[in-house]
Amino acid sequence: MELARKVYVEVQAQFDTDGNVWPLSIRWEDGTKYPVERVLDIRRAASFKAGGTGMRYLVQIGRHRSYIWREQDDRWFVEAKVDT
């Protein structure tokens, strides 16, 4: 299994009247902001690579698809590769 570390990120999100949360952009730890073009899937899931659970969002950012998690305390994280 590929090693990963949990990286907490800043997420700009939209909340609708039904209580649904939609991520609009992600700010990486170096300050780069990535717009979320589409949310492709939302489900409760665990991060087996970095540890942790929460609502997992499969998002489209440019040509790439990536997972982001929203934990119960409303903090957001991504799995980042560990340099070996």
Side-chain angles (χ1 to χ4, degrees):
M1 178 181 353
E2 181 179 321
L3 293 176
R5 62 187 176 95
K6 183 188 285 190
V7 176
Y8 287 99
V9 292
E10 181 182 317
V11 173
Q12 181 182 16
Q14 177 179 332
F15 295 76
D16 69 18
T17 56
D18 293 325
N20 299 307
V21 181
W22 302 95
L24 302 174
S25 66
I26 300 167
R27 186 175 307 274
W28 189 244
E29 56 191 348
D30 69 359
T32 306
K33 188 175 181 179
Y34 297 96
V36 173
E37 295 174 14
R38 287 179 55 199
V39 176
L40 303 167
D41 185 57
I42 304 170
R43 68 182 65 203
R44 179 162 298 286
S47 166
F48 295 111
K49 294 178 184 177
T53 62
M55 293 305 293
R56 184 183 73 186
Y57 294 74
L58 174 59
V59 296
Q60 182 86 30
I61 299 174
R63 296 188 331 226
H64 302 282
R65 291 181 177 187
S66 183
Y67 289 116
I68 60 174
W69 282 262
R70 183 172 55 91
E71 295 179 316
Q72 284 187 334
D73 61 3
D74 288 328
R75 294 195 322 163
W76 295 81
F77 73 91
V78 299
E79 296 172 330
K81 293 180 183 175
V82 173
D83 296 327
T84 56

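As a basis for the values below, the full set of heavy atoms in this structure was taken, side chains included, without hydrogen atoms, waters or symmetry mates.
Considering CG of Leu58 and CG of Leu40, their distance stands at 4.5 Å, rounded to 0.5 Å. Rounding to the nearest 0.5 Å gives a distance of 7.5 Å between CD of Glu10 and NZ of Lys33.
Cluster partners of Val11 are Val7, Val9, Phe15, Val21, Trp22, Ile26, Trp28, Tyr34, Val36, Val39, Ile42, Met55, Tyr57, Val59, Ile61, Ile68, Trp76, Val78, counting Ile, Leu, Val, Met, Phe, Trp and Tyr whose side-chain heavy atoms approach within less than 4.5 Å, directly or via other members.
Annotation: side chain to side chain donor-acceptor pair (under 3.5 Å) contacts of Asp18 (sequence neighbours excluded): none. Qualifying side chain to side chain donor-acceptor pair (under 3.5 Å) partners for Thr32, counting only residues two or more places apart in sequence or in other chains: Asp30. Checked against salt bridge (charged side-chain N to carboxylate O under 4.0 Å, His left out), Asp74 has the following partners two or more places apart in sequence or in another chain: Arg70. Applying the side chain to side chain donor-acceptor pair (under 3.5 Å) test to Arg56 and every residue at least two apart in sequence or in another chain returns nothing. Partners of Glu37 according to the side chain to side chain donor-acceptor pair (under 3.5 Å) rule, which considers only residues two or more places apart in sequence or in another chain, do not exist here.
A pairwise comparison of heavy atoms in Gly51 and Lys6 identifies O-CE, 2.9 Å as the closest pair. For the pair Ser47 and Glu79, the tightest heavy-atom approach, listed with the atom from each and the gap, is OG-OE2, 2.6 Å.
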